[in-house]
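No hydrogens, no waters, no symmetry mates; every other heavy atom, side chains included, goes into these values. Each residue takes its place number in the sequence, starting with 1. When a ligand or atom number is given, it counts from 1 through the structure's own listing order. Everything quoted here is computed from the prediction, not taken from an experiment.
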Amino acid sequence: MICLYMPAKIAIIGGTGVGSKLEKLPGENIQIDTEYGMIPGRISKHDNGEIVALYRHAKGHKLPPHKVNYLGLAQACQLLNVTGCISSAAVGSLRRDWESGTIAVCTDFLDFTFRNITRFEDKVVHTDFTHPFHIHLNQTILKAASIQGIVLNNEAIYVGTNGPRYETPAEVRMFRQLGGDVVGMTIPSEAIAFKEIGVPYSCIAMVTNLGTGLSRSDLSHAEVVKAMDNMGDSVLKISKECLNLIKNEMS
Ligand code: HPA
C-alpha cells in the first residue's frame, strides 16, 4: 500500500532554558541510534504533524558547549527525516539596543570556537556556507512569529566562542566591531553539523543579557536561565505555528 500522507515533522533543539520545557511536552521519549552515539529525544504529536524535541546539553543540562554531540544531533534529525530543525539559543547581546528579551533569527555567523567540527574527517569535502542558515525555514519562522504576534528581528550575526567562560569586555567590543550582533557558545558548531549532513537548519537567538562590559553588573549563568523563561515559550509557539505553515505547504 502506498501511504500518501506524510506528516510534517519539525525538530526543536532546546538549549539553555528551553530543554527543560521540551522535556515536559506531551508525548513519548525516544532514543535515536546514530554513528556518534545515542541521542535522546521526545516526539509529540500535534494536529498538523510531529515535533521532535532534542536536548542540546542532554537531559538535565549536563553537557558543556564544547562537549555537545553536534554531529549526533544532526544525524538524529536526518534519520528521523525531519522537514527542518529549529534550534534555540540563549545569547549575550553585542549591541546596546538589543536588550534582554530581544529575539532574532540568525542569518550568518562568525566562528571563534576553533572546534573543527566535521563529519568528513577522512575525505576532502568543502561544504558551501553561502547560506549558513536555511533561507526558506528562516522565512517560515518569521511568518510564524508574525502570526503569533511575536516580535522577531529578521537578521542576526551570531559570534560563536568556545566557552565555557563568558567573554571579556575587550572581546565583546571586538566582536561588535567585526559585525556580530549576538554571542554564544554553540550555534556555529551545530550549523556546521547540520549543513554538512543536509538537514534544513535555523536558529532563534534569545538575548538573555547585554554582553560583558555593556552592562553595569557582572554576568551569571543564573541570570541567563531566568531571562530564558518567557522567551522559551515563544520558541515553542513559533515552532508549533511553523508546523501549521509547513503542513499547508505540503498539502
Ligand atoms: N556570552 C556567551 N554565551 C551566552 C551569553 C553571553 O553573554 N549569554 C547567554 N549565553
Over 12 non-hydrogen atoms of neighbours within 6.0 angstrom of [atom1] in [X]:
{"X": "Glu28", "atom1": "CD", "value": "no"}
{"X": "Asn248", "atom1": "CG", "value": "yes"}
{"X": "Asn116", "atom1": "CG", "value": "no"}

For [X], the ligand 1 atoms whose distance to one of its heavy atoms is below 4.0 Å:
{"X": "Gly92", "result": "4 (C), 5 (C), 6 (C), 7 (O), 8 (N), 9 (C)"}
{"X": "Ala90", "result": "9 (C), 10 (N)"}
{"X": "Met185", "result": "2 (C), 3 (N)"}

- Query: Nearest heavy-atom pair of Glu249 and Thr140: which atoms, and what distance?
  - Reply: OE2-OG1, 4.1 Å
- State, yes or no, whether a side-chain contact exists between Val18 and Arg56 at a heavy-atom distance under 4.5 Å.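 No, every pair of side-chain atoms sits at 4.5 Å or beyond.
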- Query: Same hydrophobic cluster for Val159 and Met174, using side-chain heavy-atom links shorter than 4.5 Å among ILVMFWY?
  - Reply: yes
- Task: Please work out which of Ser215, Gly184, Ala227 has its closest non-hydrogen atom nearest to atom 3 (N) of ligand 1.
- Result: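 Nearest heavy atom to atom 3 (N) of ligand 1 lies in Gly184.
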- Closest candidate by heavy atom, reference atom 9 (C) of ligand 1, pool Thr212, Leu219, Thr208, Leu210: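 Looking at heavy atoms only, Thr208 sits closest to atom 9 (C) of ligand 1.
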- Looking only at distances, please establish whether an N/O atom of ligand 1 is found under 3.5 Å from an N/O atom of Glu167. yes
- Message: What I want to know is whether Asn209 and ligand 1 share at least one N or O pair that is separated by under 3.5 angstrom.
- Response: yes
